[in-house]
Structure formats: structure tokens, C-alpha cells
Amino acid sequence: MLDIKYLRQNIEFVRKKMEDRDQKIDFDRFLSLDAKRRDILQAVEALRNERNSVSKQVGKLKKKKEDASSLIEKMGEVSAKIKEYDENLRLTEEELNAFVMIVPNVQHESVPQGSGSEDNTIVRTWGEKPVFSFEPRQHYDLGESLNILDFARGAKIAGARFTVYRAAGAQLERAILNFMLDLHTAKHGYTEVLTPFMVNAESMTGTGQLPKFREDLFKIEGMEYYLIPTAEVPVTNIYREEILEEEKLPIYLVAYSPCFRAEAGSYGKDTRGLIRQHQFNKVEMVKFSRPETSYEELEKLTADAEEVLKRLNIPFRTVSLCTADLGFSSAKTYDVEAWLPGQNTYREISSCSNFEDFQARRASIRFRRKDSGKVEFVHTLNGSGLAVGRTVVAVLENYQQADGSVVIPEVLRPYMRGLERIVP
RNA sequence: GGAGAGAUGGCUGAGUGGUCGAAAGCGAUCGCCUGCUAAGCGAUUGUACGCCCUUUAAAGGUGUACCGCGGGUUCAAAUCCCGCUCUCUCCGCCA
């Protein structure tokens, strides 16, 4: 969320930024709520001040065994008034809070203006697209004919958008996952964490899923637990309501987790295959940084995600999301898109974002400056490193052979007991 | 699931209705002392939100709130009452 003070003082700037994001937000209502809140606050604080000082006098009088009944009577009235104002204040703050919680982040100045994914700008492309002497097949065909992906049985035991992996397929998923975790921990300086896969409402609010995107989440019935849609949620919330030492920054964490997404409103999109599932595995990188280095960290984070594809020798391109595609909490996002020959297109396989202090303010994640002793919000960043299921898709499609087999990329072979090829 | 104990500042830990934002100790920072270090001495040591002042900064002044969370009693609550959450101990069950 945005800082209320910042919003108050830069209302026209934010108004313009939200127009660029095509967000219709009633900032006049914000201004009036904010003014109302401060009016009530001043009134109630004056009353409290009176009550505090008179109550002290009462204490002194009673000690001297003198009469204080008139003061007590008067303060009874004051207290009743305070109660009234408090209720009013609570309602106003609730409204104000509800408003601020649904205002998206202010995008960075480098974010391209646009009205759809066609306006995302291509930052770079890497790799040689493989050339096939045959018509390359889509991953779900390959997966079924190799008997490593079973969509029918996934649907039977759970429903649409669930898949059973078997044999070399299950092994490939696990190999990719371990390869990525090892790369990020050994070469990129991340510390691995393993978190709960269910979280409470406070955590979901901290990273921005709640209150606005409730319908995208799976909730446990009868309990205040939500299944995580990404490890970003538990990992970012590790430091919720904490003040960190400046020397500890930047903090790099990497986590494997399954991700659960209701995919509300995606009917008809990517209905076949592994691309869009209710449950998928992901390796997620999360950073906590000082504000002045967060954009530098975003570049490094994106490079860390790209490195996975480079080592797998899968062609990709990186795009900077335009205002229309930018997520609610993000100030700037790069999507890394892997080349999928079967689909003859690039598909998102990683999304790397700088949230600046947007999540940190919601989650109250702060740090203390060493020289001044001042407390400030950290900047949080995260990026997939990578989505595992989609990486399986990319491997199958890029490494498929004329005979229907799939060659295992060399870096994955140690994770698959030396297996070089998946054959029908 | 049953029984009991507890939750106070960066940490340890006092505080059972008023002078408590909170004793004491530790730690930290600054200063003094000192050939260096240690010891010693002195000072400082939370966060948030308002208001005043100010260049919409910083600093400063001032007020309010916060002793796990939420409510209640009272002129007045860290302290009394109710509910909740979490932690610990014992018993049961369990991967």
C-alpha cells in the first residue's frame, strides 16, 4: 500500500500515475476521509488529554482525602464523549484503510505505457531456436505418448487443471527443482528456506493478495488458512513486523513450494497441458534490499532467473511489462519468456518484480539505518527461478527428437541418475 | 483431545488500580578518563499517528496510543473481569 502521508502530499502525481495504469480511483473520497480522520483524531486526543490530567488530580485529591466528586462526574461525561468519538474514528479509519488497501503501486518511471501485452517492450533475447526436421509437438502430446504426464487421471482424482506425473516425468520435475535450488544457493548467494504452504490472512494481506484478490485463492474451509499461490507470500512474510539491521541487507532467500491458484476468470485459457494448473511447483527468489539498491537488485534477480534457462540451453526473451500488464503490487516487472517450439511462441516462465516499499509497508518490514538510527521500510523483490511445470514444458518441447524421444539437458542428468533420454 | 503454567522495552526481569513509557541489570551509542585494551565514571537508549514550528526536508517542541490480541469495569487499567491467539510442561493420540 501507499503511504497515506505521501498520498496526501502527492495526490495529483498519483492520480496521473493511476490514470496511466487505467485505474479508476476516487481520490477525492480519499482526501475527504483523510481530512475527516484528522479532525476526529484531534478532537478525541484533546478530550483524552483532559481526562488524563484531571484523573491525575482526582488521584491526588483522594490521597489527601478531599472531595473529588464533581471532577469525577464531569469526567464521566468526557469519557462517554470519547467513546462516541472513538467509534466514529474507528469507522473512518476502517473506510480509509479499505481505500488505501486497494490502490495499486505507483509504477516506476521506466515502465512502458501500454494497453495490453503487445505493448510490453522486449529488453533482450537469448539463444538459438532449435530447428526441427519435423513438425514439433506440444508438450502434452509428448508427455502422453511418453507416458510421463497423465492428464486424464489428474482430472479423475482431483479435477480439471490437475496432472499426474509418472516415471521419468516425475523425476524430471524433481530434477529441475533441485537443479534450480542448487544453482541459486551455490552460485547466486541465496539461502534456501522451506516454509508453510498455508498461511493466515495477515500474510496474504502483507504481500497484497488480500483483500483485493480473494477469489484467486483457495481457502481452507472453517479455518483462517489459505493455500499459498506462490512462495512469495510465506517468504516475504518471514520478516513481517520486524526491524532488520542495515548490515544484514540485502537478504536473498530462495524457496521451493507448490503453488495453488483458483485461476478464477481463466476459463478457456490454456486448458490443455501443464501451462495453467490449480497446483504447480515453483522455485521462488525473494530479496529484501535497501531502497537505493533495489533496481540494481531487480536486474541481478532477473539475470539469476535467466541463468537457469541459459544453463538448460533454452531460448528466451525478457520483456518489461507495460502499465496494463503490471501486477497490483509491483512498481516494475520483467517477465522472462521461454521459447516453446510446439506452441511456436514465447511463454512466461518467470516474473521478476520490484515492489519497492509497497509490500514492506503493508507487512511492516523495516530496517534501521546504521548511521542515523532511523527506521525505514525495506524494498522487497521477488522472481520465479523458475516455474517448474513450465520448465518441464520448455524442456520437452525444445529437446524433442524426430523419433518422439526427449533428450535430457546435460545439467539435469546428474539429477536423474545419468538418464540421457526419455524414450517411448 | 485432557490438565496446568505463562506472554512486560534489543535481552533478562520487577511491577496487583493513580505520581508507570514502565524499576533494576545486561547490551548498544556518545563523552570523560586512559600509552593501548580492560575496568571505572557520566549521558543517551522503542514505535506509530496527530498538531505546532519549519523550505511540503531534517532537527526541535507538544499531544495521543501501544506492557500478546480484542472487548468490558472505572474519574483513572501493564495491574481487575470476559473472549481469543501463541508459547511451555505433563498425559493421551499420531507421520
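Quick note on labels: first sequence line is chain A, next is B, and so on, each numbered from 1.
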- prompt: Is the side chain of Gln107(A) donor-acceptor paired with the backbone N or O of Lys17(A) at a distance under 3.5 Å, no angle test?
  reply: yes
Provide the Watson-Crick or G-U wobble partner of [N], both distances under 3.5 Å; none if there is no partner.
N	value
C86(B)	G6(B)
U55(B)	none
U62(B)	G50(B)
G17(B)	none
C94(B)	none
C32(B)	G40(B)

Pairwise [atom1] distance for [N] and [M], with rounding to whole Å:
N	M	atom1	value
C69(B)	U45(B)	C1'	28 Å
U34(B)	C52(B)	C1'	46 Å
U64(B)	G40(B)	P	39 Å
A24(B)	G31(B)	C1'	24 Å
C32(B)	U47(B)	P	26 Å
G6(B)	A78(B)	C1'	15 Å
A77(B)	G15(B)	C1'	13 Å
C11(B)	A7(B)	P	15 Å

- prompt: Do Thr380(A) and Gln359(A) have side-chain atoms, one donor and one acceptor, less than 3.5 Å apart?
  reply: yes
For [X] and [N], what is the distance between atoms [atom1] and [atom2] respectively, to the nearest whole Å?
X	N	atom1	atom2	result
Asp86(A)	C66(B)	CG	C1'	14 Å
Glu202(A)	G68(B)	CD	P	18 Å
Glu376(A)	A58(B)	CD	C1'	13 Å
Leu244(A)	G10(B)	CG	C1'	13 Å

task: Over 60° means perpendicular and under 30° means parallel, so classify the ring planes of His188(A) and His184(A), tilted if in between.
output: tilted
- request: Just say parallel, tilted or perpendicular for the rings of Tyr252(A) and Tyr190(A), cut-offs at 30° and 60°.
  value: tilted
query: Going by heavy atoms in the side chains, are Lys310(A) and Phe316(A) under 4.5 Å from each other?
result: yes
- prompt: Can you find a pair of side-chain heavy atoms, one from Thr92(A) and one from Leu33(A), that are under 4.5 Å apart?
  reply: yes
- request: Run the salt-bridge test on Glu263(A) and Arg161(A) with the 4.0 Å N-O cut-off and return the result as yes or no.
  value: no
Asp26(A) bridged to Arg29(A) by N-O distance under 4.0 Å: no
message: Heavy-atom nearest nucleotide on RNA chain B for Gln9(A) versus Lys60(A): which residue maps closer to 5'?
response: Lys60(A)
Reference residue Tyr295(A); test side-chain hydrogen bond (donor to acceptor under 3.5 Å, both in side chains); the match among Lys300(A), Lys332(A), Glu356(A): Glu356(A)
field: Per-nucleotide protein contact string for nucleotides 45-51 of chain B, where B marks a base within reach and S marks sugar-phosphate only (heavy atoms under 4.0 Å, - for neither)
entry: --SSSSS
statement: The contact string for nucleotides 69-77 of chain B, one letter per nucleotide 5' to 3', using protein heavy atoms under 4.0 Å with B, S and - for base, sugar-phosphate only and none, comes out as ----S-BS-
message: Evaluate Phe328(A) against Phe358(A) for ring-ring contact (aromatic ring centres under 6.0 Å, His included), listing each step before the verdict.
response: CA-CA 10 Å; Phe328(A) 172 77; Phe358(A) 189 85; 5.5 Å; yes
- prompt: Is any side-chain N or O of Asn49(A) closer than 4.0 Å to OP1 or OP2 of U64(B)?
  reply: yes
